[in-house]
Number of protein chains: 2
Amino acid sequence: MKATLMYGAGDVRVEDVPDPVIQQPTDALVRITTSCVCGSDLHPYGSMSPESGPVRMGHEFLGVVEETGAEVSTLKAGDLVVAPFAFSDGTCAFCREGLHTSCVHGGFWDGLEQEGGQAEAIRVPLADGTLAKLPVEPDSALAPSLLTLSDVFGTGYHAAVSGGVDAGTSVAVVGDGAVGLLAVLSAKLLGAEQIILMGRHKVRTDLGREFGATDVVAERGDEGIERVRELTRGEGAHVVLEAVGYRPAYEQSYGIVRPGGTISRVGVPQYEEAPVGFGSLFGGNITLTGGPAPTRAYIDTLLPRVLDGTVDPGKVFDRTVGIDQVPDGYRAMADREALNVLVTP
Amino acid sequence: MKATLMYGAGDVRVEDVPDPVIQQPTDALVRITTSCVCGSDLHPYGSMSPESGPVRMGHEFLGVVEETGAEVSTLKAGDLVVAPFAFSDGTCAFCREGLHTSCVHGGFWDGLEQEGGQAEAIRVPLADGTLAKLPVEPDSALAPSLLTLSDVFGTGYHAAVSGGVDAGTSVAVVGDGAVGLLAVLSAKLLGAEQIILMGRHKVRTDLGREFGATDVVAERGDEGIERVRELTRGEGAHVVLEAVGYRPAYEQSYGIVRPGGTISRVGVPQYEEAPVGFGSLFGGNITLTGGPAPTRAYIDTLLPRVLDGTVDPGKVFDRTVGIDQVPDGYRAMADREALNVLVTP
């Protein structure tokens, strides 16, 4: 079958690889019908050294179950499923609390050397716990929106939920990528009345306004801080949703958060150390929260909203490519020609 | 009158200074009856450069109101009062939300060049908002416990409240100073059933057990992490209360916190940058919270518990000195001869 491999920064290739096979009785084999390139894939695309490659790519997909291991009990061949970006057993203490990304038996797709979602098929470990069945056909017009349950919608929602967004909070979103835009949509779903989107790509911020942003701030740094303060009675935003992952976005976040407020990060940090002392977090009693989103936990909440048309998160996909064009999809996203690229093998 | 000044690391002097006078109509003059040396005073005592001094010291006191400005309406001469370690107007948006340390008109005592609590008298700005009246006599046996409402008890309580401690959480407290011990007491008040105290000074950890600690871990670093994990089913503590302020205590905290858990800091950070990336906070969805405690907000909750004898937080004071012996009080605390030193001018 065909699969996507990254050989190093800027070097993505589609190659023939062996078809996946069932290895554990809890595995399922899934023929992928829809996947995508994620904003977080751009991190290695920008900086991966050739010595670290090649690695299989892709951690979001819809697909049809083709075969199940002997212990898989909730899925059968022919089921359409969506996979979160982390696999999990669904039964450990952390999964039962809704923190599937800390599952004691689970992991991330990039921890599996021979699997990736930007491919024609995949072996899914812990299939009962990992996969969620979808009540539509594979060619449903809802497929792009359903795919966002894998990662970007669930991740934006995690930011908003972890940040404590509700009707009484002013919200600022740092970043106008797919996660940032869906953090806007999530804040709107949770009742926020003021949602300030920080971003400067008009096509994206326009979609942000459609998703519920009440204000757009194109400025960054001190100017951006000043603009957000102007919009929040000089106080700053109760909740900042950080959907980028680079340190300047973190620094922007503590600049615009209100004393006693919360910064909720879901952009994977591309830094390890950062300011947390009296001048950044401590002095103002700022809370820092967030992490890899347990998107599996949010599917039950968000799926009905997608199915009934309350929300249309699939709008973040503005380009579709076949599996052979995946490398061009990476390039288009890196060049900001495309916001998010859908892949239909 | 006599007052305490720090001239630099290790150099504390008691000198005659001008008596304070009313400067603003919202001021009150207070004759100090009880104050103390705080663990946080040891930070400058350990490192202050002579160029930064001399500075007035002390931010915790009980005292009797001697005179009030024309606009002070809730206090009168003769009232016994307790002052939190930050002054605040009690009416701004932040005060109304209980975040008095972010009061738009308030500040910390060390921001007032001519005032300090380790003295015979003090001018209190924003007296109506700042001071809380106490229904006992100045020579009450409860004075030491009432003084802890200024800072150390309210600070320990803030750690526990901010960390979300309740009956369902396992709690680990890093640090066996007065704040750490009163964080233990606060966690107990909030219903925690497992309270692990990390500290290695037996006199202190014994008091910690009396306050409610169920386990004491003397080990630090990797050994300390291992011990806490053993005590928490291999998972780590739901809530870590960090009551030290040095970076190793922060690093200990993210080593022992459970995925999805919270680190609540109240030790004033003596560092600005620290790890917050995937390997420390982000990967496990760890929340970092805390800051300067709005102890004014907690007096209403904690004062009745002190008055009715439910708690006896004043036990953290194990030595009493007169104003002239304050320098020796600093030395005794720095040398760990004394846990916390009470000052009775």
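In what follows, every chain begins at residue 1, and chains take the letters A, B, ... in the order their sequences are listed. All values derive from a computational prediction rather than experimental measurement.
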Trainee: So for atom CD, which belongs to A/Glu226, do other residues, nucleotides or ligands contribute more than 12 heavy atoms lying within a distance under 6.0 Å?
Mentor: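 Open: at most 12 neighbouring heavy atoms sit under 6.0 Å from CD of A/Glu226.
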Trainee: So for atom CZ, which belongs to B/Arg220, do other residues, nucleotides or ligands contribute more than 12 heavy atoms lying within a distance under 6.0 Å?
Mentor: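 No, the 6.0 Å shell around CZ holds no more than 12 heavy atoms from other groups.
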Trainee: On a heavy-atom basis, which atom in A/Phe278 and which in B/Pro269 lie closest, and how many Å separate them?
Mentor: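 For A/Phe278 and B/Pro269, the tightest heavy-atom pair comes out as N-CG, 4.4 Å.
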Trainee: Considering non-hydrogen atoms only, spot the tightest contact between B/Phe282 and A/Arg265 and give its length.
Mentor: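 B/Phe282 and A/Arg265 have their closest heavy atoms at CE1-O, 3.4 Å.
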Trainee: Counting heavy-atom pairs closer than 4.5 Å to chain B, which one of A/Pro292, A/Gly245, A/Ser264 comes out on top?
Mentor: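 Of A/Pro292, A/Gly245, A/Ser264, A/Pro292 has the most heavy-atom pairs under 4.5 Å with chain B.
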Trainee: List the atom of A/Ala274, the atom of B/Val276, and the distance in Å for their closest heavy-atom pair.
Mentor: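 Taking every non-hydrogen atom into account, CB-CG2, 3.7 Å.
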Trainee: Sub-4.5 Å heavy-atom contacts with chain A: which residues of residues 284-291 of chain B show up?
Mentor: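 Within residues 284-291 of chain B, the residues under 4.5 Å from chain A are B/Gly284, B/Asn285, B/Ile286, B/Thr287, B/Leu288, B/Thr289, B/Gly290, B/Gly291.
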Trainee: Which residue out of A/Ser102, A/Ser162, A/Gly98, A/Gly260 racks up the most heavy-atom pairs below 4.5 Å with chain B?
Mentor: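 Highest number of pairs under 4.5 Å: A/Ser102.
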Trainee: Is the CD atom of A/Glu193 crowded by more than 12 outside heavy atoms at less than 6.0 Å?
Mentor: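 At most 12 heavy atoms, drawn from other residues, nucleotides or ligands, come within 6.0 Å of this atom.
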Trainee: Would you please go through residues 169-182 of chain B and name the residues with a non-hydrogen atom below 4.5 Å from one of chain A, in numerical order?
Mentor: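 Result: none.
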Trainee: Does any backbone or side-chain atom of A/Ser280 lie under 4.5 Å from a heavy atom of chain B? Answer side chain, backbone, both or neither.
Mentor: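 Both backbone and side chain of A/Ser280 come within 4.5 Å of chain B.
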Trainee: What part of A/Glu97 gets closer than 4.5 Å to chain B, counting heavy atoms only: side chain, backbone, both or neither?
Mentor: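 Answer is side chain: those atoms of A/Glu97 sit under 4.5 Å from chain B.
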Trainee: Identify which part of A/Val268 has an atom lying under 4.5 Å from any heavy atom of chain B, answering side chain, backbone, both or neither.
Mentor: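 For A/Val268, backbone and side chain are both near chain B.
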Trainee: On a heavy-atom basis, which atom in B/Glu272 and which in A/Gly279 lie closest, and how many Å separate them?
Mentor: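 Closest pair (atom of B/Glu272, atom of A/Gly279, distance): OE1-N, 3.5 Å.
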Trainee: What part of A/Arg233 gets within 4.5 angstrom of chain B, counting heavy atoms only: side chain, backbone, both, or neither?
Mentor: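 Neither part.
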Trainee: Answer yes or no: does atom NE2 of B/His105 have more than 12 heavy-atom neighbours from other residues, nucleotides or ligands under 6.0 Å?
Mentor: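 Atom NE2 in B/His105 is not crowded, with 12 or fewer foreign heavy atoms closer than 6.0 Å.
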